[in-house]
Student: 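Following this message is one structure expressed as structure tokens.
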Amino acid sequence: MSKVEKPLSTLWGCELSSSNQAATFKTDDTNHQHQLALRTMCLGAGAKEELNIVELITGEPESGEGVPLVTLHPNGMPTVNLAGIDLHPPVTFKLKSGAGPVYVCGEHVALEDEYSGLDSDEVEEEEEEDIEESPVKPVKKPAAKNGAAAGKRKKPEEAEDDGPPSDDENHPPKKGKGRGRGKKN
């Protein structure tokens, strides 16, 4: 019923410095689901020899305290990879300590709401169809661990005697002497 569209992805970034200590990622668009996928935070070329601490405030900035996200230093750690941190707006980045400049880079992803423009009855019908269409997968039993199998030993099968036993069967080698060497004369 609803057509599948690709997510709209754009770059997002901001600069935090002594003159601009906070930046907020927010949107008023209600037709899409928005997400900020953080990529990196790094110090600019003019950064002083001091710790720069950036904190993250989720929700409205006035809502409370932030959580320290990164600590950057020009000689120790000038860049931090933040891949895997996905946030939903509104999100505020605040330079808690240091003069910066600190650059925040991320990817703004906007996904069309799957059920926008559909009635509530249509949404329920679509959910029921999804449930009916999903196949039932058989449950696989996990393989036995080596510890459980170690207590049980298989008995070797006895071979039938087809003829007289050979010399090797009558006289097994003594310990300490290898079989690969020829006999000394």
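Note that the numbering runs from 1 along the sequence shown for the chain. As the structure is a prediction and not an experimental result, all values here were calculated from the model.
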Student: What's the spacing between Phe25 CZ and Thr92 OG1 if we round to 0.5 Å?
Tutor: 11.0 Å

Student: What is the minimum heavy-atom distance between Gly46 and Pro101, and which atoms define it?
Tutor: C-CD, 4.1 Å

Student: Enumerate the residue pairs fulfilling side-chain hydrogen bond (donor to acceptor under 3.5 Å, both in side chains) with a member in residues 95-106, sequence neighbours excluded, ordered by first and then second residue.
Tutor: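 Output for this query is empty, none listed.
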
Student: Taking C-beta and beyond as the side chain, do Leu69 and Ile53 meet within less than 4.5 Å on heavy atoms?
Tutor: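 Leu69 vs Ile53: side chains apart.
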
Student: Check whether any side-chain heavy atom of Leu82 sits under 4.5 Å from a side-chain heavy atom of Val70, and report yes or no.
Tutor: yes

Student: Mind running side chain to side chain contact (heavy atoms under 4.5 Å, CB included) on Val80 and Leu72 for me, showing each step along the way?
Tutor: CA-CA 8 Å; Val80 173; Leu72 302 171; 3.3 Å; yes

Student: Using modelled atom types and a 3.5 Å cut-off, is there a donor and acceptor pairing between side-chain atoms of Thr27 and backbone atoms of Asp29?
Tutor: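 The answer is yes, because a donor-acceptor pair under 3.5 Å joins these two groups.
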
Student: Quick check for you: to the nearest 0.5 Å, what is the distance between Ile57 atom CD1 and Thr24 atom OG1?
Tutor: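 Here the interatomic distance stands at 8.0 Å.
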
Student: Supply the atom-to-atom distance Met77 CE to Thr71 OG1, rounded to the nearest 0.5 angstrom.
Tutor: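 Answer for the CE-OG1 pair, Met77 versus Thr71, is 8.5 Å.
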
Student: Can you say whether the rings of His108 and His34 are parallel (under 30°), tilted (30 to 60°) or perpendicular (over 60°)?
Tutor: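 Taking His34 first and then His108, their aromatic rings sit tilted (interplane angle of 30° to 60°).
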
Student: Once side-chain hydrogen bond (donor to acceptor under 3.5 Å, both in side chains) is applied, what residue pairs with a partner in residues 40-55 remain, sequence neighbours excluded?
Tutor: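 Listed by first then second residue: Glu49-Asn75.
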
Student: On a heavy-atom basis, which atom in Ser9 and which in Val109 lie closest, and how many Å separate them?
Tutor: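 What the structure gives for the nearest pair is OG-CG2, 4.3 Å.
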
Student: Got a sec, which residues hit side-chain hydrogen bond (donor to acceptor under 3.5 Å, both in side chains) with Asp86, two or more places apart in sequence or on another chain?
Tutor: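 In terms of side-chain hydrogen bond (donor to acceptor under 3.5 Å, both in side chains), with neighbours along the sequence ignored, Asp86 is linked to Gln35.
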
Student: Do you know the tightest heavy-atom contact between Cys42 and Thr79?
Tutor: CB-OG1, 3.6 Å

Student: Supply the atom-to-atom distance Leu95 CG to Ser17 OG, rounded to the nearest 0.5 angstrom.
Tutor: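 Between atom CG of Leu95 and atom OG of Ser17 there are 7.5 Å.
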
Student: Which heavy atom of Phe93 sits nearest a heavy atom of Leu16, and at what distance?
Tutor: O-CD2, 3.7 Å

Student: Is there a side chain to side chain contact (heavy atoms under 4.5 Å, CB included) between Leu38 and Leu36? Walk through the geometry before answering.
Tutor: CA-CA 6 Å; Leu38 291 179; Leu36 179 63; 3.9 Å; yes

Student: Using side-chain contact (heavy atoms from CB on, under 4.5 Å) as the criterion, point out the one residue from Arg39, Glu15, Met41 that pairs with Val104.
Tutor: Met41

Student: How close do Cys14 and Ala23 get, counting heavy atoms only, and between which atoms?
Tutor: SG-CB, 3.5 Å

